[in-house]
Amino acid sequence: MTLATDTTRPRRMPQSLIAARNIVGFLLRSPTSAFGLFVLAVLILTAIFAPLLATHDPFLQDLQNPLQPPGDGHLFGTDELGRDIYSRLVYGSRISLMIIFLVSIVVGPIGLFVGAISGYFGGWWDTILMRVTDIFLSFPSLILSLAFVAALGPSLNNAIIAISLTAWPPIARLARAETLTFRSADYISAARLQGASSARIIWKSIVPMCLPSVLIRLTLNMATVILTAAGLGFLGLGAKPPTPEWGAMIATGRRYMIDHWWLVTFPGLAILSVSLAFNLLGDGLRDALDPKQMNKR
Amino acid sequence: MTDPILDIENLSVRYRGATEPAVRGVSFSLGRERLGIVGESGSGKSTVGRAILRLLDSAEITADRMQFEDVDLLNASERQMLKVRGRRMSMILQDPKFSLNPIQRCGDQVAEAFRTHVRASKAEARAKVIEMLNAVQIRDPERVYQLYPHEVSGGMGQRIMIAMMLLTDPDLVIADEPTSALDVTVRLQVLNILDRLVHEHGIGLIMISHDLNLVRNFCDRVIIMYAGRVVETLAASDLDNAQHPYSRGLLAAQPRIGGSRGPLPVLERDDSWMQPEVRS
Amino acid sequence: MKPIAVKDLCMSFGAVQVLHDVSFDVAAGECFGLVGESGSGKSTVLRCMSLLQGQWTGEVSIGGVRVRDMPLNDRCRMVQMVFQDPYGSLHPRHSVATVLSEPLKIHGLDRANERMAQAMIDVGLPVDFLDRFPHQLSGGQRQRVAIARALILEPDVVLLDEPTSALDVSVQAEILNLLSRLRTDKGFTYIMVSHDLSVVDHMCERFAVMQSGRIVEILPREAIPTNAARDPYARELIGASLAYERAV
């Protein structure tokens, strides 16, 4: 048997593709997570094709037609400045998606590495990192975000930074707990015996093991992130007024809420369905990424 | 075998979601004797034990006949099974660490198990437990009664489990690898205790094990299973004269003290072993 | 082939001393057994020798060089270990190819594909198993992969921590045969921890009996069938094993 095995590298890609397909297949089998996946797909498509889907310019004011009820050229009615609510919602999906995306790529890696380092090294590292985490965890996340935004100045970017700063500690906690269960595993010992550096062990052995639960947690967190972003927008500390951010739309619509229900109802429904979708998807992922399920593949 | 305690004909078990049954066409009957079921992991030996106790919720059990004394195990309701399980039929599992509740004193657990099946006052139960702990050769039963599971050694824990299982005076005990988690030095003690009690009380014993030495020494008859089927049934004393190549292969693969140090014979598996058993 | 010398090895977990002055010598190319009850510290000896466990005092040297003085890379290419549980010793998300290529990358060894294929052939696995993941392998195949991982760095000493106790008898026979063959072919020196004296008798020339962190007696394999141990505990252990095997 003198086989050249240089074909091993390219063959690994399909393996992960198969895994991804299996996960999606699993999610689609349960109605709730399929719903989550569906809403998310709609959100992403809406964000991409916003210019095609929107019927009006979201910033165009029409002071002749303020507070029009739904129907009659405006699907969801108009707001106090005569802007089309439907178009604003459609463009608002871009902002929500951007918040979610930016927060996840900041929070996921920070939480994962803080947790993995603290769990793997233990001792002083663990004490220091976990106390810092505890400090962050001891404030309600909205209050902490408020404090950050107040310090940094209200803007959408600062809101994203503030949300990220408050959203990583639970993930770090989770990653640390996971790491502690793997730290003494024989395959970690074997890697150490092969001379692998700590960084290599964390990156190659521990991170892949923590990833599924971190992903699940991150997905479930997205609902909170959206709500916090909406909350900040509502309080006027997030997106600046003309920006069609859903929370900010509710905030301005609040004044007219009693007589003109559509101003708050549609953005509210959008927030509700997206955060619900993330929750359902997270639940579905929890089952799909369960190690017991992995073994069946 | 005048009055079989347990009579099983053509038992098949298929786990939900599995394409192949884990156990197929297993038949045996058991009198007041010690029966060994031997096989490798995945041979279905533990599944047989669990099927008898009806502990497999997620599996489909079919059989022509599954009779335990007056109970038809195939059609018994869960209520009936509750009366049978632990009272007339009990099971000893591999590792006492996992079968004892870590936050309850050992003695109380045994007493509680007893009181779920037999009406007795706490004091009576306690006396009974102490007596039983004595019977499993625990030297200071009063002290052990008060210990928590993490405070007892593996051998002691397994003896406590045996005490718990035999306290209700069952007719059938299923021991699933009762000593594989124990050290060699205490393994024999525990087996001897189990053996003596089984004899004294006239209990039918099913000993499930991967260890041929163990069943050879502590069983009357041996069933050898391979891939869910019984490949051979024979008297324990005839084990060395086993006919089936699988049984012979298993015996030969075991290194022996003082044996030759040449390469051990390796089992060459054969698809024809999936066929029904050879009776000897 | 390298001899091993362990002298006055002491180890404590906090206030509890788990190893007391453990000393033994292993000749080059020998297979040396460590037997004892669970908790007697036999696996801890291996973990200390491989420096997986660093908090110990005493001296461990291989081929005349103290393991503490060896640079990390040299030590890794000198000592490797095979673990007890084939289900826990392979990373569940690493393919066999990843398991085998990692050490090669760490040590910057050339001809990686060739070495990996050779390691697979050495342990009797088909080369196309490199693409498999642990959950696609049986227990015996996993243990073969773990052995391949140990021998791919071409060590002189292989520490075996109950390498077959989680396996079926027939698979155990295959793995023991493999280990014996590798010892002859590659000139490994083995230290084998086991609780099964028949395995020790089959594999080892000499063995040490351990009890609560101490070596109570070092015996040649010939002492087993006749139970020639002098220490009472060693006698009890050997006696129990003999009785277990022969009891009627």
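First the proteins, then the strands, lettered A, B, ... as listed; each starts at 1. What you see below is based on every heavy atom in this structure, not just the backbone, and it leaves out hydrogens, waters and symmetry mates.
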(request) Can you check whether anything in residues 177-187 of chain C gets within less than 4.5 Å of chain A, heavy-atom wise, and list it by number? (result) none
(message) Quick check: A:F136 with A:W168 (ring centres under 6.0 Å apart)?
(response) yes
(message) Quick check: under 4.5 Å, non-hydrogen atoms only, which of residues 109-116 of chain A neighbour chain C?
(response) none
(message) For C:Y190 and C:F188, take the angle between the two ring planes, folded into 0 to 90°, and tell me which bin it lands in: parallel under 30, tilted 30 to 60, perpendicular over 60.
(response) tilted
(message) Check whether C:R132 reaches the backbone of C:L137 with its side chain - one donor and one acceptor, N or O, closer than 3.5 Å.
(response) no
(request) Measure the shortest side-chain to side-chain distance between C:V199 and C:M192 over non-hydrogen atoms and say whether it is less than 4.5 angstrom. (result) yes
(message) With heavy-atom distances below 4.5 Å as the criterion, would you say the side chains of C:R66 and C:S61 are in contact?
(response) yes
(request) Heavy atoms only: give me the nearest C:N73-C:H107 pair and the separation to one decimal. (result) O-CE1, 3.6 Å
(message) Looking at C:R144 and C:D122, is any side-chain nitrogen of the basic one under 4.0 Å from a carboxylate oxygen of the acidic one?
(response) no
(request) Kindly write out the residues that satisfy salt bridge (Lys or Arg N to Asp or Glu O under 4.0 Å) with A:R200, not counting sequence neighbours, or none if the list is empty. (result) C:E102
(request) Answer yes or no: is there an ion pair linking C:K7 with C:D25, defined by an N-O contact shorter than 4.0 Å? (result) no
(message) Whether the A:S96 and A:S93 side chains hold a donor-acceptor pair (N or O, under 3.5 Å, no angle test) is what I'd like checked.
(response) no
(request) Could you please state which residues from residues 39-57 of chain C sit under 4.5 angstrom from chain A, measuring non-hydrogen atom to non-hydrogen atom, sorted by number, or 'none'? (result) C:R47, C:S50, C:L51, C:L52
(request) Would you give the length of the straight line joining atom CG of A:L281 to atom CE of A:M222, rounded to the nearest 0.5 angstrom? (result) 11.0 Å
(request) Heavy atoms only: give me the nearest A:R217-A:P170 pair and the separation to one decimal. (result) NH2-CB, 3.7 Å
(message) Does C:D69 form a salt bridge (charged side-chain N to carboxylate O under 4.0 Å, His left out) with C:R75? I'd like the steps, not just the answer.
(response) CA-CA 9 Å; C:D69 297 342; C:R75 193 175 77 226; over 6 Å; no
